Enquirer: 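Structure provided below as C-alpha cells; questions to follow.
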Amino acid sequence: MLFADCREAMDGGPPYNPRTVEEVFRDFKGRRAGMIKALTTDVEEFYQQCDPDKENLCLYGFPSEQWEVNLPAEEVPPELPEPALGINFARDGMQKKDWLSLVAVHSGAWLLAVAFYFGARFEFDKADSKLKGKREKEEEVGMGFGKRLFNMINDLPTIFEVVTGTYKKQVEEKSSVSNQILR
C-alpha cells in the first residue's frame, strides 16, 4: 500500500494530482485522520508494528484515512516528502505516552510538508483556470491559495493536540472562560 495513493496512474487509474486548495485539504484531512487513528483507536496495533528490532520504520497516512507502518520509499528522491524515519527505535526507551506524543509531533510536521509540497508542485494560483475569477477576488482581499490552505489546516487541531488531549482541554478552558464572561 506504500504510496499507492500516488501511483494510481501506474496501475491504469487516474493520476493522483490534487490541484486545488480543496483537493489538497481533503488529502490532508484524510492522511491526518489515518494517523490519528493509528495513534489513538489502533494504538495497540500501531505499537506492536513499531518493533525496535526492525529496520527504520515510518508512519504513513493516506488520503483514504488509512495508515501504515513501513520502511521508507526506496526511490531517490521520493515521490513525496518522507515522514520521520526510525519511529520504532525510541519506542522502548520512553514512556508510551511520551513516545506517542513524539510520533504525533513528527507526523503533523510530515502532513504539513506533504500539503505544501502539493501546493508548490502545482502552483495553486496557476493550476486551475476555472477558478481564475474567484482567485482574482481573493487576491483583492489579500488571500492567496497558500494562505487559504494554511488557514484551513490551522483551523484543525494538530495530531499532537488530539493525541495528548490538549486540544480538548483548550476547548473546555475557552468554554469555561466564555461562561464566566456571560455570567
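We count residues from 1, following the sequence as given. Remember, predicted model here, so these are calculated numbers, not experimental data. Values below: every heavy atom of this structure, side chains too, minus hydrogens, waters and symmetry copies.
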Enquirer: Scan residues 90-103 for pairs that pass side chain to side chain donor-acceptor pair (under 3.5 Å), counting only residues two or more places apart or in two chains.
Expert: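 The answer is Glu44-Lys96.
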Enquirer: Among all residues two or more places apart in sequence or in another chain, which pass the side chain to side chain donor-acceptor pair (under 3.5 Å) test with Asp42?
Expert: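 Expected list: Trp67.
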Enquirer: Are Leu39 and Phe46 side-chain neighbours, meaning at least one heavy-atom pair lies under 4.5 Å?
Expert: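 Heavy-atom side-chain distance check passes, below 4.5 Å.
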Enquirer: What residues, two or more places apart in sequence or in another chain, satisfy side-chain contact (heavy atoms from CB on, under 4.5 Å) together with Leu102?
Expert: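 For Leu102, the residues satisfying side-chain contact (heavy atoms from CB on, under 4.5 Å) (neighbours in sequence not counted) are Met94, His106.
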Enquirer: Side chain to side chain donor-acceptor pair (under 3.5 Å) with Gln48: which residues, sequence neighbours excluded?
Expert: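 Partners of Gln48 under the side chain to side chain donor-acceptor pair (under 3.5 Å) test: none.
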Enquirer: To the nearest 0.5 angstrom, please state how far the OG1 atom of Thr164 sits from the CD1 atom of Ile159.
Expert: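 The distance works out to 11.5 Å.
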Enquirer: Test: salt bridge (charged side-chain N to carboxylate O under 4.0 Å, His left out). Region: residues 46-60. Which pairs qualify, not counting sequence neighbours?
Expert: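 Every candidate salt bridge (charged side-chain N to carboxylate O under 4.0 Å, His left out) pair involving residues 46-60 fails, so no pair, neighbours aside, qualifies.
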Enquirer: Would you check, one step at a time, whether the test side chain to side chain contact (heavy atoms under 4.5 Å, CB included) holds for Leu156 with Phe25?
Expert: CA-CA 11 Å; Leu156 297 173; Phe25 185 62; 3.8 Å; yes
Enquirer: Keeping Arg32 on the side-chain end and Pro157 on the backbone end, is there a donor-acceptor pair under 3.5 Å?
Expert: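 Such a contact is found between Arg32 side chain and Pro157 backbone.
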Enquirer: Is there a path from Leu80 to Leu85 through hydrophobic residues (I, L, V, M, F, W, Y) whose side chains come within less than 4.5 Å of each other?
Expert: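 No, separate clusters.
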Enquirer: Other than Phe160, what residues sit in its cluster of Ile, Leu, Val, Met, Phe, Trp and Tyr side chains whose heavy atoms are under 4.5 Å apart, directly or through others?
Expert: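 In the cluster with Phe160 are Val105.
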Enquirer: Given Val24 and Phe116, is the side chain to side chain contact (heavy atoms under 4.5 Å, CB included) satisfied, shown in steps?
Expert: CA-CA 9 Å; Val24 173; Phe116 285 95; over 6 Å; no
Enquirer: Any donor and acceptor pair, going by atom type alone, linking the side chain of Tyr47 with main-chain N or O of Leu100 inside 3.5 Å?
Expert: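 Side chain of Tyr47 to backbone of Leu100, a donor-acceptor pair under 3.5 Å: no, none is there.
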Enquirer: Going through the checks in order, is the side chain to side chain contact (heavy atoms under 4.5 Å, CB included) test met by Leu71 and Leu57?
Expert: CA-CA 5 Å; Leu71 296 170; Leu57 295 175; 3.9 Å; yes
Enquirer: The test is side chain to side chain contact (heavy atoms under 4.5 Å, CB included); show your working for Phe28 and Met152 and say whether it passes.
Expert: CA-CA 10 Å; Phe28 176 89; Met152 292 167 80; over 6 Å; no
